[in-house]
Amino acid sequence: MKIELLEQAADDLLAGARFYEDQGEGLGQYFLDSLFSDIDSLQLYGGLHAQIFGYYRLLSRRFPYAVYYRVQENLIRVYAVLDCRRSPDKMRTRLLSSD
């Protein structure tokens with residue numbers, strides 16, 4: 001399967017990387033490496049995750065982040081990469097604006 005990372009999801013990743021880089025040098029790159037590894041795993045496991053707010057949700061293995069995606073035939077579209085520590089209402093609003 002092909003994976004498409006939408007612009008808003010890429011922006012989410014960059015914002016998370018900036019946050020973690022501010023916490024410690026090199027942590028931002030580690031964040032990106034970890035999240036991209038999680039996203040790459042969708043080639044094998046895409047569509048097997050629980051659905052939340054109309055999207056499949058992959059929980060990151062190393063960081064408190066979730067990858068929200070949809071499967072359309074042989075394409076996985078990643079719509080958002082959100083911090084799980086956010087309010088569920090804010091996450092729902094953000095995901096509804098991605099439609």
Exercise. What residues form a side chain to side chain contact (heavy atoms under 4.5 Å, CB included) with S87, not counting sequence neighbours?
Worked result: D89, K90
For this session: For atom CD of Q23, decide whether the heavy atoms of other residues, nucleotides or ligands shown that lie under 6.0 angstrom number more than 12.
Result: yes
Exercise. Is there a side-chain contact between I76 and K2 (heavy atoms, below 4.5 Å)?
Worked result: no
Problem set entry | Single-linkage hydrophobic cluster L14~Y68, side-chain heavy atoms < 4.5 angstrom | no
Exercise. Got a sec: does the CD of E7 have more than 12 other heavy atoms crowding it under 6.0 Å?
Worked result: no
For this session: Could you tell me which non-hydrogen atom of E21 sits nearest to which non-hydrogen atom of G26, and how far apart they are?
Result: OE2-N, 2.9 Å
Exercise. Hey, are the side chains of S97 and Q8 touching, using non-hydrogen atoms and a 4.5 Å cut-off?
Worked result: no
Exercise. Above 12 or not: heavy atoms from other molecules or residues under 6.0 Å from CZ of R86?
Worked result: yes
Exercise. For the residue pair F19 and F63, is the inter-centroid distance of their aromatic rings smaller than 6.0 Å?
Worked result: no
Problem set entry | Close side-chain approach of L35 and Y65, heavy atoms under 4.5 Å | yes
For this session: For side chain to side chain donor-acceptor pair (under 3.5 Å), just list the numbers for S37 and R61, CA-CA rounded to whole Å, side-chain angles, deciding distance to a tenth of an Å, and then say yes or no.
Result: CA-CA 9 Å; S37 176; R61 289 178 284 157; 3.2 Å; yes
Seminar exercise, completed: Across all chains, not counting sequence neighbours, the side chain to side chain contact (heavy atoms under 4.5 Å, CB included) partners of Q43 are I3
Seminar exercise, completed: Closest non-hydrogen contact found for S60 with D38 is OG-OD2, 2.7 Å
For this session: Side-chain contact test, heavy atoms from C-beta onward, threshold under 4.5 Å: evaluate it for L42 versus M1 and give yes or no.
Result: no
Seminar exercise, completed: Result for side-chain contact (heavy atoms from CB on, under 4.5 Å) between V67 and one of I39, L5, L13 points to I39
Exercise. Is the shortest distance from a Lys or Arg side-chain nitrogen in R94 or D12 to a carboxylate oxygen in the other one below 4.0 Å?
Worked result: yes
Exercise. For the hydrophobic clusters of this structure (ILVMFWY residues joined by side-chain heavy atoms under 4.5 Å, transitively), does one cluster hold both L58 and L32?
Worked result: yes
Exercise. Are Q29 and Y20 close enough that some pair of their side-chain heavy atoms sits under 4.5 Å apart?
Worked result: no
Exercise. With no hydrogens and no angle check, is any side-chain donor or acceptor of Q72 less than 3.5 Å from a backbone partner on R77?
Worked result: no
Exercise. Can you check whether L59 reaches C84 side chain to side chain, under 4.5 Å on heavy atoms?
Worked result: yes
Exercise. Counting heavy atoms not belonging to N74, are there more than 12 under 6.0 Å from its CG?
Worked result: no
Problem set entry | Within-4.5 Å side-chain heavy-atom neighbours: E4 and L75 | yes
Exercise. Would you say the side chain of F31 lies within less than 4.5 Å of the side chain of L27, judging by non-hydrogen atoms?
Worked result: no
Exercise. Measuring from L82:CG to L95:CG, what's the distance to the nearest 0.5 Å?
Worked result: 5.5 Å
For this session: First locate atom CZ of R62, then atom CG of D33, and finally report the distance between them rounded to the nearest 0.5 Å.
Result: 11.0 Å
Exercise. Do M91 and V81 share a hydrophobic cluster, counting only Ile, Leu, Val, Met, Phe, Trp and Tyr and linking them when any side-chain heavy atoms are less than 4.5 Å apart?
Worked result: no
Exercise. Which residue pairs satisfy the side chain to side chain donor-acceptor pair (under 3.5 Å) criterion with at least one member in residues 44-55, sequence neighbours excluded?
Worked result: H49-Y69, Q51-Y56, Y55-D99
